[in-house]
Amino acid sequence: VNGILAGDSGIVAGDGNGINSGGDRSVIGGGNNNSVSSADSFIGAGNANIISAGQYSVIASGQSNSIAATGGNAAIGGGASNNIFAAADFATIPGGRNNQVTGSGTFMAGAPSLTTNNDNGLPNMFVWGDTTGMQVSAVATGTGSSAALANTVWFGAGTGSVLNTTPVFTIFSGPVR
């Protein structure tokens, strides 16, 4: 059974989906156990996806993805266990798994097998990490030339050590050249 507690909203199909108070003018296309509590937002399908805050936000599909961006305008294309947190308005995760965005304007993708990719709260980051190598957050907490800066690009692929803490291929691009 689907439920709608907001005005001018709709649920097309699925089971256990809900548009809660505050979810005015929002739509859930289908899937199971998806929930919207923010106005003008959309969940296409999938399972257990949640938009709890962030007007004008979208989760296209996937499983256990969430958007809580209080400023809104955030998007998750698909994948599993991807999260866009409160301060991360204008953030995008096109897909993957275990991506955690906390910085405004960040674009993050990948599917790290160890823990998660995250931007350490820095804004305007481009972050990508692969499935067999290290998670980008392991480098992003460094200092000096390996320290993360706002408005940068981070790629991490492969593994350079047994502990998976140094990528074989990494590009750090910052505002200072």
Side-chain angles (χ1 to χ4, degrees), residues 1-112 115-129 135-137 140-141 148-155:
V1 175
N2 295 313
I4 299 174
L5 300 175
D8 300 321
S9 296
I11 298 174
V12 178
D15 187 41
N17 296 310
I19 299 178
N20 304 311
S21 177
D24 297 324
R25 300 169 307 281
S26 292
V27 173
I28 296 175
N32 299 321
N33 304 311
N34 296 304
S35 173
V36 175
S37 300
S38 185
D40 306 303
S41 293
F42 174 80
I43 295 177
N47 181 53
N49 295 304
I50 299 170
I51 300 176
S52 61
Q55 189 172 12
Y56 311 116
S57 292
V58 172
I59 298 175
S61 191
Q63 181 174 0
S64 301
N65 297 304
S66 70
I67 296 176
T70 53
N73 301 288
I76 297 175
S81 302
N82 296 303
N83 298 291
I84 297 177
F85 292 101
D89 52 337
F90 305 103
T92 301
I93 300 172
R97 72 169 179 256
N98 299 328
N99 294 294
Q100 313 293 313
V101 176
T102 55
S104 177
T106 290
F107 179 95
M108 183 178 294
T115 56
T116 61
N117 280 334
N118 76 67
D119 59 6
N120 292 317
L122 296 168
N124 305 316
M125 298 283 285
F126 181 102
V127 180
W128 176 80
Q135 68 276 16
V136 174
S137 57
T141 57
L149 301 170
N151 308 308
T152 59
V153 177
W154 289 74
F155 291 93

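Quick caveat, the model's predicted, so the values are computed rather than measured.
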Can you tell me which residue among N73, T106, I84 is in a side chain to side chain contact (heavy atoms under 4.5 Å, CB included) with F90? N73

Check whether any side-chain N or O of S9 sits under 3.5 Å from a backbone N or O of G23 as a donor-acceptor pair, and report yes or no. yes

Taking D24 for the side chain and G7 for the main chain, is one N or O donor matched with an acceptor at less than 3.5 Å? yes

Over all heavy atoms of both residues, which pair between G54 and S38 is shortest? Give the atoms and the distance, please. C-OG, 3.0 Å

Between S57 and F42, is any pair of side-chain heavy atoms under 4.5 Å apart? no

Output yes when D40 and R25 qualify as a salt bridge under the 4.0 Å nitrogen-oxygen rule, no when they do not. yes

Quick one: does L5's side chain get under 4.5 Å of I19's, heavy atoms only? no

Do the side-chain N and O atoms of S35 and N20 include a donor-acceptor pair separated by under 3.5 angstrom? yes

Could you tell me the separation between the CD1 atom of I59 and the OG atom of S41, rounded to the nearest 0.5 Å? 9.0 Å

Using modelled atom types and a 3.5 Å cut-off, is there a donor and acceptor pairing between side-chain atoms of N2 and backbone atoms of G14? yes

Distance check, rounded to the nearest 0.5 Å: S81 atom OG versus Q100 atom CD? 8.0 Å

Step-by-step side chain to side chain contact (heavy atoms under 4.5 Å, CB included) determination, I11 to V27: CA-CA 6 Å; I11 298 174; V27 173; over 6 Å; no

Hey, is the main chain of G3 close enough, under 3.5 Å, to the side chain of N17 for a donor-acceptor pair? no

Looking only at heavy atoms, which two atoms of G77 and A60 are closest? And how far apart? O-CB, 3.2 Å

Between the CG atom in N47 and the CG atom in N34, the distance rounded to the nearest 0.5 Å is 6.5 Å

Walk me through it: do N98 and N82 pass the test side chain to side chain contact (heavy atoms under 4.5 Å, CB included)? CA-CA 5 Å; N98 299 328; N82 296 303; 5.7 Å; no

Is there a side chain to side chain contact (heavy atoms under 4.5 Å, CB included) between I28 and V12? Walk through the geometry before answering. CA-CA 6 Å; I28 296 175; V12 178; over 6 Å; no

Rounded distance (nearest 0.5 Å) linking atom CG of N83 with atom CD1 of I67: 9.5 Å

Can any side-chain N or O of D89 pair as donor or acceptor with the backbone N or O of G72 at less than 3.5 Å? no

Do we see a donor-acceptor contact under 3.5 Å between the side chains of N65 and N49? yes

Will you find, in the side chains of D15 and N32, an N or O donor that is under 3.5 Å from an N or O acceptor? no

One should read off an interatomic distance between S37 OG and I50 CD1, to the nearest 0.5 angstrom, of 8.5 Å

Give me the atom names and distance for the closest heavy-atom approach of A88 to A74. O-CB, 4.4 Å

